[in-house]
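Structure record follows, encoded as structure tokens.
Every heavy atom of this structure was used, including side-chain atoms; hydrogens, water molecules and symmetry mates were not. Position 1 is the first residue of the sequence; numbering continues from there.
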Amino acid sequence: MNTTPTPVATLPWAAEPLPWTGPGRPATRPLDVLGVPGQINLDYAATAPCASAAADAVTELLPWYASVHRGAGQLSRRCTLAYERAREEVADFLGARADDHVIFTRNTTDALNLLAHALPAASTVVTFASEHHANLLPWPSGAVRLPVPASPDAAVRALDAALRELRRGTDPGRPVLVAVTGAGNVTGERWPVAALARVAHRHGARIALDAAQLAPHAPVDIAALDVDYVAVSGHKLYAPFGTGVLVGHGDWLDAAPPYLAGGGASAYVGPATHQVRWATGPARHEAGTPNLLGAVALGAVCAALGAADRGALHDDEQALLARLRAGLAALPGVEELRLFDAAEPRVGIVSFVVAGRESATVAAELATAHGIGVRDGLFCAHPLTRRLITEAAARRGWRNPPATALRASIGLGSTVEHVDRLLAALAGR
């Protein structure tokens, strides 16, 4: 059995229409999102709602559901085609280079753990203390964790200084990986990815981008940003079916042992215990039966977003975000968390604290009394969130800040009414 995916263009049935491309497709707009009447979802940064494009693609593929890369029947052939087309749609959406691998994973955390697994021996990883746990915890011991920067420019300067020091007196060929976020999951603030990539490459390092929070809100172009690896999650990109991707250069990935050993990752298995020849390409790290529906859902959303006017979507979101931030700033006893200056660019995420109130209590009241869902806690970024809560309290002169924070996040389907109802509920607390 050939376990390395065949390029779609060479498949004998590639010209056949997929089941959801013919007559009878539901008359929904692809970027509409599903929801429950009476419930206001302002927790997109944790899990975004399902887009119609994803739901329609999954629903219409289900009658054909079968194995991928493992069958000769029409059902399996259709599913293999759908899976590989989804890979191409993700690659196009993220601006992947021709020789990049697009590997399906469970989510961004899984993708970054895969990259950590594939690091060459003696690699050094450099990241910032402001990262999500997914970009702090997978890296090997000895990783360099830079202090939280006060501005995007400070982040660039800190990385430049750290890499210059790291390279001093060491083997210039030693592998170094810089791992950064594109947009913070606590504050939504955007990071200077292209500038950080230039600094990394100037010092002979590679750079990995955690785009989990950036990709749903703004275009991510791997080639234009000149980053080496990108990780995203489907469940934050309106395709909540348990999939993600790692996209990037294949040399490290093909040199590493499979992330999971098993069927699909092996090109040949002999009679001896360790007589195995592993596949190259994405198959090497996609052992076992893949999450076909997750891949197809993500591919469908990527195609829909790629065809949309991202500039118009961005402008609409920014207007709604400005309304949310201004409304929170006008409420007494409410303080926004921020890392950079308040005017720095950000995506639709705002975290805040309420004086004298525990965040879990506020979140519960919003849910039960107003049908509004927000997030409370430390947002899988414990060191950063605790620091930002302390700083917010200091700005306002609060003696006893709450232990955790609240987070409201918006995206496709969010409306002025949703934001205004949150603000009204908080004002009447």
Side-chain angles (χ1 to χ4, degrees), residues 40-48 108 128-136 148-152 181-191 210 212-214 216-217 236 317-318 320-367 372-396 398 400-411 414 418-419 421-423 425-427 429:
I40 296 175
N41 181 2
L42 296 176
D43 195 17
Y44 282 49
T47 294
T108 298
F128 287 88
S130 45
E131 294 291 330
H132 185 283
H133 291 169
N135 205 16
L136 283 180
V148 176
S151 69
T181 190
N185 78 303
V186 179
T187 66
E189 293 162 323
R190 295 185 60 167
W191 281 60
D210 172 356
Q213 300 296 348
L214 182 60
H217 302 278
K236 300 185 190 299
E317 180 184 292
Q318 289 297 306
L320 199 58
L321 176 62
R323 187 184 189 95
L324 172 58
R325 295 183 68 198
L328 290 172
L331 294 175
V334 174
E335 181 69 8
E336 180 182 284
L337 306 188
R338 56 182 173 84
L339 181 58
F340 304 146
D341 183 82
E344 291 289 347
R346 64 176 66 205
V347 301
I349 299 172
V350 183
S351 294
F352 58 96
V353 285
V354 179
R357 299 294 307 277
E358 289 301 323
S359 298
T361 302
V362 176
E365 290 176 357
L366 289 172
I372 300 172
V374 298
R375 178 83 182 273
D376 68 275
L378 296 174
F379 317 128
C380 294
H382 293 184
L384 174 65
T385 309
R386 285 194 295 260
R387 171 184 174 140
L388 296 183
I389 291 172
T390 300
E391 292 177 353
R395 288 196 300 270
R396 298 294 293 269
W398 300 343
N400 298 304
T404 59
L406 294 148
R407 184 180 68 191
S409 46
I410 59 176
S414 299
H418 296 164
V419 168
R421 283 181 60 180
L422 171 65
L423 296 172
L426 290 169
R429 63 185 185 277

Check: Looking only at heavy atoms, what is the nearest atom pair of Leu366 and Ala425, with distance?
Finding: CD2-CB, 3.6 Å
Check: How many angstroms lie between CH2 in Trp191 and CG in Asp210, if you round to the nearest 0.5 Å?
Finding: 11.5 Å
Item checked: Under the salt bridge (charged side-chain N to carboxylate O under 4.0 Å, His left out) test, residues paired with Arg386 that sit two or more places apart -> none
Note to self: Donor-acceptor pair, distance only, cut-off 3.5 Å: does the side chain of Arg407 make one with the backbone of Asn185?
What the structure shows: yes
Check: Does Thr47 have any side chain to side chain contact (heavy atoms under 4.5 Å, CB included) partners at least two apart in sequence or in another chain, and if so, which?
Finding: His235, Pro240
Next item on the list: For Glu336, enumerate each residue passing the salt bridge (charged side-chain N to carboxylate O under 4.0 Å, His left out) test, keeping only those at least two apart in sequence or located in another chain.
Entry: Arg325, Arg346
Next item on the list: List in chain and number order the residues that pass side chain to side chain donor-acceptor pair (under 3.5 Å) with Arg387, two or more places apart in sequence or in another chain; answer none if no residue qualifies.
Entry: Glu391
Margin query: Between Val350 and Leu321, does the side-chain contact (heavy atoms from CB on, under 4.5 Å) criterion hold? Intermediate values first, please.
Written below: CA-CA 8 Å; Val350 183; Leu321 176 62; 3.5 Å; yes
Checklist line | Residues that Ser130 engages under side chain to side chain donor-acceptor pair (under 3.5 Å), provided they are two or more places apart | finding: none
Item checked: Evaluation steps, side-chain contact (heavy atoms from CB on, under 4.5 Å), between His132 and Thr181 -> CA-CA 8 Å; His132 185 283; Thr181 190; over 6 Å; no
Note to self: The criterion is salt bridge (charged side-chain N to carboxylate O under 4.0 Å, His left out); which residues satisfy it with Glu131, sequence neighbours excluded?
What the structure shows: none
Checklist line | Atom pair CG/OG of Leu324 and Ser409 - distance to nearest 0.5 Å | finding: 9.5 Å
Note to self: Going by the rule side chain to side chain donor-acceptor pair (under 3.5 Å), which residues pair with Arg395 if we only count those two or more places apart in sequence or in a different chain?
What the structure shows: Glu335
Notebook entry, point to check: Is it true that a side-chain atom of Gln213 and a backbone atom of Gly188 form a donor plus acceptor pair closer than 3.5 Å?
Noted result: no
Checklist line | Spatial distance of atom CG (Leu388) from atom CZ (Arg338) [nearest 0.5 Å] | finding: 10.0 Å
Item checked: Test ring-ring contact (aromatic ring centres under 6.0 Å, His included) applied to Phe352 - qualifying residues, sequence neighbours left out -> none
Note to self: Under the salt bridge (Lys or Arg N to Asp or Glu O under 4.0 Å) definition, can you give me all pairs with a residue in residues 372-382, not counting sequence neighbours?
What the structure shows: none
Check: Atom CG in Leu384, atom CZ in Phe379: separation rounded to 0.5 Å?
Finding: 10.5 Å
Next item on the list: Could you pull out the closest heavy-atom pair between Pro149 and Leu339, with the gap in Å?
Entry: O-CD1, 3.4 Å
Check: Between the side chain of His217 and the main-chain N/O of Gly411, is any donor-acceptor distance below 3.5 Å?
Finding: no
Next item on the list: Please name all residues satisfying salt bridge (charged side-chain N to carboxylate O under 4.0 Å, His left out) with Arg190, sequence neighbours left out, ordered by chain then number.
Entry: none
Checklist line | Heavy-atom donor-acceptor pair, Ser351 side chain to Leu337 backbone, under 3.5 Å | finding: no
Margin query: Tell me whether Lys236 contacts the main-chain N or O of Ala46 through its side chain, where contact means a donor paired with an acceptor under 3.5 Å.
Written below: yes
Check: How would you list, by chain and number, every residue that makes a side chain to side chain contact (heavy atoms under 4.5 Å, CB included) with Ala150, sequence neighbours excluded?
Finding: none
Checklist line | Asn41 side, atom CG; Ile372 side, atom CD1 - distance, nearest 0.5 Å | finding: 11.0 Å
Next item on the list: Measure the CG-CG distance between Leu328 and Leu426 for me, rounded to the nearest 0.5 Å.
Entry: 6.5 Å
Note to self: Among residues at least two apart in sequence or on other chains, which ones pass side chain to side chain donor-acceptor pair (under 3.5 Å) with Thr187?
What the structure shows: Glu189
